[in-house]
Asks: 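Mind having a look at this structure? Questions to follow.
Since this is a predicted model, take the numbers as computed values, not measurements. Chain identifiers are assigned alphabetically (A, B, ...) following the order of the sequence lines, protein sequences preceding nucleic acid strands; residue numbering begins at 1 within each chain.
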Amino acid sequence: MSAGTLSAAAPVLVSAERIRALQRLGVLCGIAAGAWLGAAEAPTKLVSAGLSPVLISFVMVLGVFLGRWSLPLAARGTSGIRADIRNAPHLVIWAIIAGCLWSVANTLTIFAIRDLGLSIAFPLWNTNALIGILWGVLFFDELKGAGWRRWTAVCGGAALMFFGGLILARVSASQISAHAATRGIAAALGAGVLWGTMYIPYRKAYLSGMNPLSFVSFFTIGELGMMAILAARYVGGPAKIWRELAAVQQFLFWLLAAGFVWVIGDIFQQYAVKYTGVSRGIPLSNSNQLWGLLWGAVAFGEFRTWGQHAVANAVYGCVLMAGGLAAISLSAAGRSEYEKWCEAAGREQRRYRIDPKFVSLGLEGRSADRPQTRKWFDWILIAIATTVFVWTGMGARWPSMDVNWPTVAALIVIGLTLFASAAYALWKVTRFN
Amino acid sequence: LPLQAEVRTMANSTEACLTDTEGGAENTIARSTTDRSYTMLTAVVSDVHFWVPAVVLIGGLFLLRWAS
């Protein structure tokens with residue numbers, strides 16, 4: 001290895017078994033991400049209509065902020081985050097840009113839902129997977145040296161999931177507004193482009209050896225900052241936001257909980273992107289549409305009002321999405337593709353003059369630092385986040401709506417099983433690196 | 001002249017710090033914060049990857065203004 005650079009040769013010394021283990025881990029994280037990102041829709045369904053959509057988004061982002069600081073602190077502590085940022089300080093800028101992209105995209109989806117309805121808007125912004133694949137191939141040499149089989153599996157799988165999503169969109173035709181406004185379509189597609197582009201900073205961070213738990217801590221600063229600006233613009237000034245928050249106090253807990261559940265899904269998504277790349281990680285986590293449908297249709301009884309044709313369409317859509325998911329899951333990156341990743345990592349290392357050891361260890365899912373211990377400061381931050389959830393939870397009101405409890409219990413058990421499996425695998429293989 | 005000499009010495013020492021990576025972690029510590037942030041900003045702004053999200057973000061803000 002030449003001085004100051006990371007050659008492709010160094011990380012490829014990693015055994016084939018280790019590469020396979022990291023790939024399997026990434027796929028498992030992607031599947032868990034889909035389940036938890038989909039489950040995040042459940043608490044929002046508990047909130048009755050009439051709230052400002054931007055306010056809903058703002059409170060969810062507050063929950064996301066609390067989750068993004070408390071979970072990484074519980075896992076690694078601020079000292080671990082500080083050590084990572086010392087090694088690659090430029091990633092703070094990238095994380096904040098990614099957070100801003102997320103907030104603008106999320107607000108665009110609100111307007112898309114307003115104009116088109118959730119069922120049409122959802123698959124439109126899920127085109128983010130195709131944008132992500134484009135950037136992954138163009139900028140990070142993803143899928144290069146992958147062979148036609150993997151190309152077909154990944155691109156075909158992403159296309160299958162996209163068409164499955166379109167079929168699912170047609171299912172709840174009653175929700176679709178009569179005139180699909182150009183404005184709504186542009187907003188939904190725009191959100192897809194923004195979210196697809198958001199994975200450029202993600203990929204740069206993980207090729208640089210960054211720990212996903214550290215990256216999300218700074219990502220959320222951009223996210224909350226941009227969302228606060230947008231909320232002030234669309235809801236009114238800070239005083240008006242405060243008044244509206246006070247008026248919906250009984251629903252705050254559900255929205256914060258939705259944000260927290262979303263964070264769990266997003267953290268798994270970050271690990272999926274880190275260990276399988278953008279081109280596989282995003283389509284896998286986009287299976288959240290499937291889980292969202294399960295929650296809405298089965299747990300909240302939306303199926304009951306559907307005709308036989310709609311149910312059949314839902315089944316076809318689910319089968320297509322599951323087929324796409326399986327195709328991508330089974331097309332793990334091989335050694336030649338991994339070498340291309342290492343070359344891309346080498347370019348990042350040279351440009352930003354990062355410690356080569358930090359980069360290569362990060363790519364292997366290891367850390368140069370000793371396991372970090374939690375300081376008193378970490379416990380105070382965790383206690384503040386917990387207090388906010390307990391305080392809003394005490395004032396929460398259970399909305400009056402029909403819920404299919406056995407299905408809710410089954411979905412929660414599946415979600416927790418995926419959480420436990422992915423978290424255990426992450427700990428065992430990478431110690432959350 | 002003394003100023004030029006000082007700048008030259010600083011540049012040499014910076015280069016030495018940045019190119020000597022025999023002890024990776026020590027190398028990071030050896031860089032001064034000012035030097036690091038200058039290098040970092042230049043590296044970020046001259047990175048084509050930076051301009052793609054930046055342009056998309058600005059476009060997204062315009063789109064949001066129009067769609068709302």
Asks: For A/Lys204, which residues count as a salt bridge (charged side-chain N to carboxylate O under 4.0 Å, His left out) partner, sequence neighbours excluded?
Replies: A/Glu348, B/Asp47
Asks: Once ring-ring contact (aromatic ring centres under 6.0 Å, His included) is applied, do any residues pair with A/Phe218, and if so which ones, sequence neighbours excluded?
Replies: none
Asks: Does any part of the side chain of B/Arg65, heavy atoms only, come nearer than 4.5 Å to the side chain of A/Arg233, both counted from C-beta?
Replies: yes
Asks: To the nearest 0.5 Å, what is the distance between CD1 on B/Ile58 and SG on A/Cys100?
Replies: 11.0 Å
Asks: Is chain B contacted by the side chain of A/Leu230, its backbone, both, or neither, given a heavy-atom distance below 4.5 Å?
Replies: side chain
Asks: Any side-chain heavy-atom pair from B/Leu57 and A/Thr197 closer than 4.5 angstrom?
Replies: no
Asks: Please examine the side chains of A/Phe140 and B/His49, heavy atoms only from C-beta on, and report whether any two atoms are closer than 4.5 Å.
Replies: yes
Asks: What's the verdict on side chain to side chain contact (heavy atoms under 4.5 Å, CB included) for B/Leu63 and A/Val193, showing C-alpha distance, side-chain angles and the deciding distance?
Replies: CA-CA 12 Å; B/Leu63 179 63; A/Val193 172; over 6 Å; no
Asks: State which residues pass ring-ring contact (aromatic ring centres under 6.0 Å, His included) with A/Tyr199; sequence neighbours excluded, sorted by chain then number.
Replies: A/Tyr202
Asks: Any heavy-atom pair between the side chains of A/Arg351 and B/Ser46 that's under 4.5 Å?
Replies: yes
Asks: Give me the contact list for residues 101-109 of chain A versus chain B, heavy atoms only, anything under 4.5 Å, ordered by residue number.
Replies: A/Leu101, A/Val104, A/Thr107, A/Leu108
Asks: Got a second to check how far A/Tyr234's OH is from B/Leu64's CG, nearest 0.5 Å?
Replies: 3.5 Å
Asks: With side chains defined as the heavy atoms from C-beta onward, is the minimum distance between B/Val56 and A/Ile200 less than 4.5 Å?
Replies: no
Asks: Given side chains that start at C-beta, do those of A/Pro89 and B/Met40 come closer than 4.5 Å, heavy atoms only?
Replies: yes
